[in-house]
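Contents: one structure, followed by commentary.
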Protein chains: 2
Amino acid sequence: MKEQKIPKETIKRLPIYYRCLNRLVVLGKDTLSSTELSEYLGIKPTQIRKDLSYFGDFGTRGVGYDLRRLFKEIESILNLERTWNIAIAGISNIGCAIMDLLDFNHSGFNIVTAFDSNPNVVGNVVHGVTVHDLNDLKECTVEEPIDIGIIAVDPVDAREVANCLVDRGVGGIINFAPTLLNLPKEIEVVQMDLTSELGWLVFFIGNN
Amino acid sequence: MKEQKIPKETIKRLPIYYRCLNRLVVLGKDTLSSTELSEYLGIKPTQIRKDLSYFGDFGTRGVGYDLRRLFKEIESILNLERTWNIAIAGISNIGCAIMDLLDFNHSGFNIVTAFDSNPNVVGNVVHGVTVHDLNDLKECTVEEPIDIGIIAVDPVDAREVANCLVDRGVGGIINFAPTLLNLPKEIEVVQMDLTSELGWLVFFIGNN
DNA sequence: TATTTATTGTGATAACAAACACATAAATTT
DNA sequence: AAATTTATGTGTTTGTTATCACAATAAATA
């Protein structure tokens with residue numbers, strides 16, 4: 001291992017490794033080679049080894065990786081040892097789906113507040129969280145700090161909601177609205193946008 | 001414009017341009033410079049021009065781009081002139097959210113069939129589409145050909161569902177399940193996976 | 001009509017990421 | 001204990017993508 005710039009693409013693959021390892025740990029496996037992992041994931045073994053080598057020498061030559069050890073290492077690299085507090089804005093279908101998901105595979109991501117603009121929804125308790133009025137996003141006091149915001153509101157409101165979330169100190173945002181957010185560059189934004197994905201998908205289908 | 005390999009990243013940006021142009025057309029604008037578009041999108045003007053130049057000379061030097069023309073050109077490049085038939089598997093929150101979305105901004109993507117394994121849901125009509133039993137995915141006859149499959153089922157079922165969809169002739173799949181699909185390489189797969197995105201997001205938040 | 005300004009299109013360069021080749025080392029076999 | 005097998009870790013090479021510098025050209029101005 002050498003001090004080196006770590007490619008962003010490498011970071012993006014780590015959660016994929018992490019999940020697969022998790023499954024294999026549960027299945028009771030205890031040693032794993034990069035080739036074997038490669039077969040599960042469709043990612044070349046050299047790619048996997050190079051990715052891991054940015055962070056340390058986790059394997060044993062001639063043997064492979066200790067599954068549990070590697071799992072823990074990646075957990076530590078990704079900062080998944082601690083829990084992360086999430087605020088979710090927009091409690092429609094997507095919002096609920098997200099809550100289901102994070103609640104279900106309790107993954108270290110805790111939804112600590114929820115916001116919506118629909119008066120019929122405000123005040124309800126969803127997944128143990130009280131839904132606040134979206135207009136109160138600026139002021140309303142929350143006990144715990146919010147680490148991450150998830151935006152699932154109407155596209156026209158997304159930008160303002162994002163700004164409020166940043167004011168409240170989030171370090172990153174997942175945006176399901178098809179709206180470009182203009183945020184300080186130290187805020188990481190993940191754009192999850194079905195229509196865009198469909199857009200480029202059909203380019204490839206149409207030009208198969 | 002020269003015959004050249006078009007970067008995949010270029011294709012992925014086209015839908016972003018497309019949506020922005022759409023908004024601007026609606027607003028009644030009619031000329032647009034790459035610099036101006038750049039300001040809306042946070043993508044460098046040279047990047048935008050280079051991306052467009054792979055497909056033709058759409059602009060006028062000293063002036064900019066004719067908005068409507070450019071919009072139509074991108075529409076044509078992405079194969080968005082025709083409509084695309086979608087089958088959706090899994091009619092839970094995510095499934096419904098997707099139906100809402102595609103129905104709402106009727107975008108050329110038509111959901112023509114839906115499948116679910118829950119007997120309480122099978123037979124219901126959602127957004128004008130009858131929900132079929134997931135077990136019938138293999139056999140059940142659909143009038144129209146299915147171009148794209150969207151998978152929103154339980155992770156353990158995702159792989160089998162994907163295979164059935166491929167057997168039915170889809171050219172691409174959007175997969176919301178955190179399951180790696182092992183499909184022939186001519187099938188384009190888009191993995192939409194919140195937990196993975198959160199995973200790499202917190203790497204960056206934690207190492208800000 | 002010559003000059004300046006605005007803006008596109010593109011070849012060349014730089015930055016980034018993936019793939020490869022192989023040195024290293026553990027375990028197993030002969 | 002030597003040879004073989006298995007598998008990691010990494011410097012180098014190749015490929016891909018973004019950025020830059022600037023030529024080309026249209027419009028506006030002097």
Side-chain angles (χ1 to χ4, degrees), chain A residues 1-17 20-21 24 29-71 73-74 77 185 200 203-204, chain B residues 1-17 20-21 24 29-71 73-74 77 185 200 203-204:
Chain A
M1 183 208 178
K2 223 183 62 180
E3 207 50 48
Q4 222 177 327
K5 201 188 163 290
I6 296 155
K8 191 159 187 168
E9 297 302 312
T10 290
I11 305 298
K12 291 193 180 179
R13 279 186 294 269
L14 291 182
I16 298 171
Y17 303 156
C20 187
L21 296 179
L24 295 172
K29 206 166 159 43
D30 52 53
T31 298
L32 181 77
S33 74
S34 58
T35 307
E36 203 176 348
L37 185 57
S38 156
E39 280 155 12
Y40 290 119
L41 300 181
I43 297 172
K44 293 207 168 59
T46 52
Q47 181 74 80
I48 295 173
R49 292 205 298 279
K50 174 128 272 196
D51 284 343
L52 297 175
S53 78
Y54 287 109
F55 302 99
D57 295 2
F58 304 137
T60 311
R61 290 164 199 237
V63 180
Y65 298 91
D66 177 279
L67 185 44
R68 253 156 232 280
R69 156 96 195 283
L70 185 56
F71 178 72
E73 294 284 3
I74 296 180
I77 294 163
K185 66 176 180 313
W200 70 260
F203 172 89
F204 287 108
Chain B
M1 184 204 178
K2 223 183 63 182
E3 206 52 45
Q4 222 177 326
K5 202 191 163 286
I6 296 156
K8 192 158 189 171
E9 297 303 312
T10 290
I11 306 299
K12 291 194 180 177
R13 278 185 295 268
L14 291 182
I16 298 172
Y17 302 157
C20 187
L21 296 179
L24 295 172
K29 205 166 159 46
D30 53 51
T31 298
L32 181 76
S33 73
S34 58
T35 307
E36 203 176 348
L37 185 57
S38 156
E39 281 155 13
Y40 289 119
L41 299 180
I43 296 171
K44 293 205 169 61
T46 52
Q47 180 75 81
I48 295 172
R49 292 205 299 277
K50 174 129 270 193
D51 284 343
L52 297 175
S53 77
Y54 287 109
F55 302 98
D57 295 1
F58 303 137
T60 311
R61 292 166 198 235
V63 180
Y65 298 90
D66 178 281
L67 187 44
R68 252 155 232 280
R69 156 100 194 282
L70 185 57
F71 178 72
E73 295 284 2
I74 295 180
I77 293 163
K185 67 177 178 313
W200 69 261
F203 173 88
F204 287 108

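Scope of the values below: all heavy atoms of this structure, side chains included, with no hydrogens, waters or symmetry mates.
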* Check against side chain to side chain contact (heavy atoms under 4.5 Å, CB included), B:D30 and B:R68 -> CA-CA 7 Å; B:D30 53 51; B:R68 252 155 232 280; 5.6 Å; no
* Asked: Separation of A:K5 atom NZ from D:dG11 atom C1', in whole Å?
  -> 19 Å
Report all interatomic pairs (protein N or O, nucleotide N or O of nucleotides 13-15 of chain D) with separations under 3.5 Å.
none

* To do: Take the protein atom CZ of B:F55 and the nucleotide atom C1' of C:dT8, then report the distance between them rounded to whole Å.
  => 17 Å
* **Nearest non-hydrogen partners of A:T31 and A:V63, listed with the distance** => CG2-O, 3.9 Å
* Asked: Roughly, in whole Å, what's the span from CG in A:L52 to P in D:dG9?
  -> 8 Å
* To do: Tell me what A:S34 touches on the nucleic acid: a base, only sugar-phosphate, or nothing, going by heavy atoms under 4.0 Å.
  => sugar-phosphate
* Side-chain heavy-atom pair B:L21, B:Y65 within 4.5 angstrom cut-off -> no
* **B:F55 side chain reached by B:T10 side chain, heavy atoms, under 4.5 Å** => yes
* Check: A:K44 main-chain N/O paired with A:S38 side-chain donor or acceptor under 3.5 Å -> no
* Structure fact -> Here the distance between atom C1' of D:dG9 and atom CD of A:E73, to the nearest Å, is 15 Å
* To do: Nearest whole angstrom, please: distance from the P of D:dT8 to the CG of A:L67.
  => 13 Å
* Structure fact -> Contact string for nucleotides 19-30 of chain D, one letter per nucleotide 5' to 3', B = base within protein heavy-atom range under 4.0 Å, S = sugar-phosphate only, - = neither, reads B---BBBSS---
* State, to 0.1 Å, how close B:L52 and B:F58 come at their nearest heavy-atom pair, and which atoms those are. => O-CE1, 3.8 Å
* Structure fact -> By side-chain hydrogen bond (donor to acceptor under 3.5 Å, both in side chains), A:E36 pairs with (sequence neighbours left out) A:K29
* Distance, rounded to the nearest Å, where B:D57 contributes CG and C:dG11 contributes P -> 11 Å
* **Nucleotide nearest A:Y65 when distance is taken to its side chain, options D:dG9, C:dT8, D:dT17** => D:dG9
* Cation over ring, A:K8 on B:F204, under 6.0 Å and within 45°? -> yes
* To do: Using whole Å, report how far CD of A:E36 lies from C1' of D:dT8.
  => 15 Å
* To do: Might you point out which heavy atoms bring A:Y54 and A:K5 nearest each other, and give the distance in Å?
  => CE2-O, 3.9 Å
* Whichever of A:K8 and B:T35 has its nearest DNA chain C nucleotide further upstream toward 5' -> B:T35
* Asked: What's the NZ-P distance between B:K12 and D:dT16, to the nearest Å?
  -> 15 Å
